[in-house]
Structure formats: structure tokens, C-alpha cells
Amino acid sequence: MDSKLKTLLYFLVIIIIQSYISHSKSIIKGLPGYPGDLPFKFETGYIGVGIKEEVQLFYYFFESTRNPTQDPLIFYIPGGPGGSALVTIFHENIGPFNITWDIGVDNTNLKLNPNAWNQMANIIFLDIPAGTGFSYAKSNEGWISSDSILATQAIEFLKKFLIGHPKFVKSPLYIAGISYIGIVVPKVTLELYEGNERGDRPTLNIQGYILISPLTHKFHDFNSRIEYAHRMALISDHIYKSAIAHCQGNYVNLDSADFFCAHSLKSYEECTSHISFSNILEPFCDENDPAQDCDIDVKKTLTKWANSAVVQQTLNIRKGTIEKWESRNNTIHYRLGKNDTFCYSYDIFSSFLYHKKLSYKKCQALIISGDHDMTFPYVGVEQWISSLDLPVEVPWKPFFVDGQVGGYEMKYARSEYSLTFATVKGAGHAVPQYKPKESIVLTQKWLSSQTYSSDDCTE
Ligand SMILES: *[C@@H]1O[C@H](CO)[C@@H](O)[C@H](O)[C@H]1NC(C)=O
Ligand SMILES: *[C@@H]1O[C@H](CO)[C@@H](O)[C@H](O)[C@H]1NC(C)=O
Ligand SMILES: *[C@@H]1O[C@H](CO)[C@@H](O)[C@H](O)[C@H]1NC(C)=O
């Protein structure tokens with residue numbers, strides 16, 4: 001077919017699809033707690049996914065403050081599952097705001113985050129699956145989800161979003177996520193490549209993926225905690241050696257442990273059970289102890305703010321669609337040893353094979369770990385990355401921020417694939433939350449080192 005005709009047909013199809021997609025979007029000019037107009041373009045909206053669009057996914061979209069048409073587009077999926085996008089936007093220092101509080105919505109102050117990622121990219125943050133943040137379902141089946149359903153819905157969302165925002169269809173696209181979503185992001189990314197190869201429309205300019213402290217394997221990543229605890233001096237050489245000698249490499253399934261292994265693991269438990277896993281240097285709070293209040297102030301403030309009528313009206317939240325906004329939905333949220341729940345099936349055990357398949361594509365990956373994170377320690381991340389068997393292009397070396405070591409990075413590359421692995425010094429689980437500047441400097445450097453071919457210029 002003649003290429004002009006092809007383009008014409010393509011846009012016709014887009015117009016037709018657009019006219020029947022129920023896509024509601026609003027431009028938000030100002031927010032309660034922020035004085036004056038926002039200095040960037042901020043849009044919220046719902047996009048329906050599923051056969052009858054019974055799942056209504058709520059998103060926050062921030063245009064780049066630099067050059068929206070040339071900057072990349074990052075599609076960011078928060079962790080959990082069930083973690084709300086607002087936490088990423090307000091607390092993890094990726095979004096453009098920084099919230100301070102004098103307890104109470106009226107006294108909430110929003111400031112601009114000096115290290116916001118929308119200074120280098122356009123970013124979409126998504127509440128997914130239904131039951132997360134402001135996302136909901138219109139039918140009973142719509143509430144049911146799983147790792148695979150989440151991946152499928154994320155892809156459908158993204159395609160519909162881009163059809164509704166043709167300005168960004170050609171933007172270099174990166175899929176990003178944190179923590180548990182490391183199980184899902186590689187699948188989403190791979191399926192976008194495969195969709196392009198099949199000739200699915202619209203063709204997406206997928207370039208790669210960014211993961212922060214990802215979960216990759218539901219056994220190895222938990223198992224790596226013991227080696228991490230040893231490296232960080234939380235357990236002695238003796239405890240570690242005895243566990244190695246007696247546990248056959250399995251430090252997770254206590255049930256199958258023999259007497260000597262159980263004994264070493266008991267010592268390990270005792271040494272680490274009062275350690276804060278999301279940052280081993282922070283004070284520990286016992287979430288199972290009803291006498292302790294572990295909700296940090298910023299989440300309390302955010303909960304008040306997000307549940308206030310004026311905020312919901314400003315964000316254009318549909319009335320009566322959710323009972324209460326929560327920073328994370330604990331019914332869906334995954335923990336080691338947790339079984340499937342009535343509404344969510346944790347059906348992907350490992351995302352390693354997706355990484356492996358991506359390593360044969362024209363794809364760039366950035367994997368960031370906080371070296372003080374014991375949730376999914378860098379030790380386990382380093383192990384699966386090295387089992388991808390990729391040639392090292394740049395060996396492990398420090399990177400600098402303001403003249404100081406911000407952390408360490410190394411780069412693997414083969415043909416058109418590359419993977420950069422970085423640890424951020426002193427950071428916990430949600431890396432940018434602890435080290436906002438180091439994180440943005442690192443990511444910015446990585447993004448700006450990418451070169452994009454302009455083989456298709458039908459703007
Ligand atoms: C606000 O931003 C600063 C600088 O990025 C950061 O140090 C601080 O932790 C942020 N506050 C919150 C509540 O995230
Ligand atoms: C949490 O998710 C479940 C399952 O989707 C849903 O039924 C429930 O309403 C959600 N909780 C909140 C507070 O949104
Ligand atoms: C999970 O399922 C297994 C097998 O059905 C059961 O033995 C175990 O107690 C369950 N765990 C939880 C936390 O419910």
C-alpha cells in the first residue's frame with residue numbers, strides 16, 4: 001500500500017476509535033494547597049479497559065516542563081500491587097510535588113519538588129488495578145485481577161491513552177515501575193515490542209524500561225535477604241556460615257528446614273526482626289502491633305487531602321465510585337507467603353524470562369537499587385542480572401553527584417540491548433524518596449545517553 005494512503009487510513013482508524021472510547025480527561029490548573037496556577041500541564045482522567053470497559057483506571061499525567069514534544073514519555077506503574085499513584089507523586093519524589101503539612105487539609109502545603117522527573121520527561125502515573133487509589137470497576141468481575149490481568153490492562157490503557165494523545169505517540173517510550181511491579185513491567189514491555197512486530201496499531205516508540213528496587217523472582221529475591229544481612233553486618237559470619245552449611249540454599253521455607261538449619265534461621269530472625277526492611281537505618285515500627293502507629297505523617301496528610309471533597313472535585317473524581325481513598329489497598333498488597341486473595345491472583349512467579357527475551361530486542365534497561373533496602377536487596381538483583389549472561393560494557397564504578405559518590409553503576413550490552421544497573425548509596429526501597437537528587441541525576445544521565453533513530457517521520 002502507498003505509504004500516504006496508509007497514514008491516512010491509520011488516522012481515520014484513530015478518529016473512529018477515539019469517537020467511541022469513553023475517555024474523560026480534565027486539565028487541572030490549580031490544586032488545593034498550592035498557591036496560584038500550576039507551572040506545568042497537569043491532566044487527570046479515567047480510561048476504561050476490559051471488554052465492556054468495566055474497569056475504570058484513573059491516571060495523572062504531567063507534561064515535561066522542558067520540551068514535551070521531544071522529551072521521552074515515561075509510563076509509571078506504582079508498586080504493591082495496590083499502591084496508589086499519589087504516593088509516588090507526593091512522597092517518592094518522582095512527581096512534581098512535595099507535600100508539607102500542619103495536620104489538616106486546609107493547612108496542607110504543596111511545594112514544587114526540585115527533583116521532579118517531569119523536568120526531563122512526560123510522565124503518566126496510573127492507579128491499577130481496580131481498587132487502587134481512585135480506580136474502580138463497574139461490574140463484579142471488574143474487581144478481579146492478577147499479575148497477568150494487570151499487565152494486559154496496563155497495555156490497553158497505554159494504547160488508549162496514546163490514541164487520545166496523538167502528540168505523544170512518537171515520543172520515546174519507557175515503562176517504569178517499582179518494587180512488586182518488577183514482576184509485571186518486563187512483561188508489559190516485552191508485549192509492546194511483540195505488538196509492534198505483529199504490526200499492531202498504533203506503533204509505539206518503545207525504547208525500554210526503568211525499574212526501582214524491583215521484585216523479579218518470588219523465591220530468590222526473598223532468599224537473598226540473608227546474604228544481604230551478612231554483608232550489612234546484621235548477622236555474624238558464624239550465623240551465615242551455619243545457614244549455608246545446613247539450609248541447602250533455602251532460607252525462606254522454614255517448614256522444610258532441618259534442625260540445624262532452623263537453628264541458624266532462628267538466629268537470623270532474631271537479628272533482623274526489628275530492622276526496618278525498607279531502609280535498614282530507619283527506626284523500626286511493628287505493623288502487627290496495634291499499639292503502634294506506623295502510618296507516617298505524610299501518608300496521613302495525603303489521606304486527608306485525597307479524601308477531601310474539594311480535592312476530589314478538583315481532580316474530577318467521579319462521585320460515589322470509591323468508598324475511601326487509601327494510600328495502599330492492603331487486600332491486594334503482596335507479602336511473602338501471602339496466598340491469592342478473593343480479588344487478586346499473584347500468578348507470575350518470576351519475570352526473569354521476560355528480561356531474558358527483552359535482552360534480544362532493541363531495548364535499554366535501567367535498574368536502580370537502594371543499597372540500604374532489605375525488601376528486595378541489591379544482592380538478589382545483581383544475581384539475576386548476572387545470570388542474563390551479558391557482556392560487561394562498563395565495569396562497576398562510582399557515579400558522582402555534587403562531587404560526591406552518589407552510588408555505583410555498571411553497564412552490560414549486547415548488540416542493540418543494554419542494561420545499566422545502579423545502586424544508590426544510602427537509599428532505601430523507594431530510592432528517589434531517600435535520595436531524590438542522586439536518583440534524578442542518574443536517570444537523567446541515562447536518558448540523555450540514549451540516541452533515537454528517526455526512521456519514521458510521519459508527524
Ligand atoms: C521534599 O523535597 C526534598 C528535596 O527533594 C526532600 O529532601 C524531602 O524529603 C521532600 N519531602 C517529602 C515529604 O517528600
Ligand atoms: C481494595 O481492593 C478490593 C478488590 O479490588 C476492593 O473490593 C476494595 O474496595 C478496595 N478497597 C478500597 C478501600 O478501595
Ligand atoms: C496458603 O495456602 C496454603 C495451602 O493451601 C496453606 O497451607 C497456608 O496456611 C495458606 N497461608 C495463608 C497465609 O493463608
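For the numbers below, each heavy atom of this structure counts, side chains included, while hydrogens, waters and symmetry mates do not.
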- Message: Closer than 4.0 angstrom, basic N to acidic O: yes or no for Glu197 and Lys357?
- Response: no
- Query: Would one find more than 12 heavy atoms of other residues, nucleotides or ligands at under 6.0 Å from atom CD of Glu282?
  - Reply: yes
- Which heavy atom of Tyr452 sits nearest a heavy atom of Gln450, and at what distance? OH-CB, 3.7 Å
- Query: Should the heavy atoms of other residues, nucleotides or ligands under 6.0 Å from NZ of Lys356 be counted, would the total exceed 12?
  - Reply: yes
- Query: Heavy-atom distance under 4.5 Å between the side chains of Phe376 and Thr216, does that happen here?
  - Reply: no
- Query: Where is the tightest heavy-atom contact between Leu150 and Pro81, given as atom of each residue plus distance?
  - Reply: CD1-CB, 4.2 Å
- Are Lys138 and Gln56 close enough that some pair of their side-chain heavy atoms sits under 4.5 Å apart? yes
- Message: Classify the ring geometry of Phe90 against Phe97: parallel below 30°, tilted from 30° to 60°, perpendicular beyond 60°.
- Response: parallel
- Heavy-atom closest pair (Glu92 atom, Pro432 atom, distance to 0.1 Å) is O-CB, 3.1 Å
- Does atom CD of Gln313 have more than 12 heavy-atom neighbours from other groups under 6.0 Å away? no
- For Asn329, check side chain to side chain contact (heavy atoms under 4.5 Å, CB included) against everything at least two apart and list the hits. Thr331, Ile332
- Query: Do Arg225 and Thr272 meet the criterion of a side-chain donor-acceptor pair at a distance under 3.5 Å?
  - Reply: no
- Item | Donor-acceptor pair between Thr423 and Asp371 side chains, under 3.5 angstrom | no
- Message: Under the ring pair (Phe, Tyr, Trp, His ring centres under 6.0 Å) definition, can you give me all pairs with a residue in residues 275-301, not counting sequence neighbours?
- Response: His274-Phe284
- Message: In terms of relative ring orientation, are Tyr60 and Phe58 parallel, tilted or perpendicular, with 30° and 60° separating the classes?
- Response: perpendicular
- Message: Under a 3.5 Å threshold, yes or no: a donor from one side chain and an acceptor from the other, between Glu43 and Tyr59?
- Response: yes
- Donor-acceptor contact present, side-chain Lys25 to main-chain Gly164, <3.5 Å: yes
- Mind checking whether Tyr76 and Ile210 have side chains closer than 4.5 Å, heavy atoms only? no
- Query: Is a donor on one side and an acceptor on the other found under 3.5 Å between the side chain of Thr65 and the backbone of Phe40?
  - Reply: no
- How far apart are the closest heavy atoms of Phe421 and Ser369, and which atoms are they? CE1-OG, 3.7 Å
- Exam field: side chain Gln292 to backbone Asp286, donor-acceptor pair closer than 3.5 Å: yes
- Task: Indicate the ring-plane relationship of Phe157 and Phe75, choosing parallel, tilted or perpendicular according to the 30° and 60° boundaries.
- Result: parallel
- Query: What closest approach, in Å, do Val55 and Gly142 show between heavy atoms, and which atom pair accounts for it?
  - Reply: CG2-O, 3.5 Å
- So, do Thr314 and Pro32 sit near enough that their side-chain heavy atoms are less than 4.5 Å apart? yes
- Just wondering, more than 12 heavy atoms not from Asp289 lying within 6.0 Å of its CG? yes
- Query: Taking all non-hydrogen atoms of both residues, which atom of Leu211 and which atom of Pro186 are closest, and how far apart?
  - Reply: CD1-CG, 4.4 Å
- Taking NZ, NE, NH1 and NH2 as the nitrogens, is one of them in Glu53 or Lys160 under 4.0 Å from a carboxylate oxygen of the other? yes
- Task: Take the angle between the ring planes of Phe219 and His217 and call it parallel below 30°, perpendicular above 60°, tilted in between.
- Result: perpendicular
- Query: Taking NZ, NE, NH1 and NH2 as the nitrogens, is one of them in Asp147 or Lys187 under 4.0 Å from a carboxylate oxygen of the other?
  - Reply: no
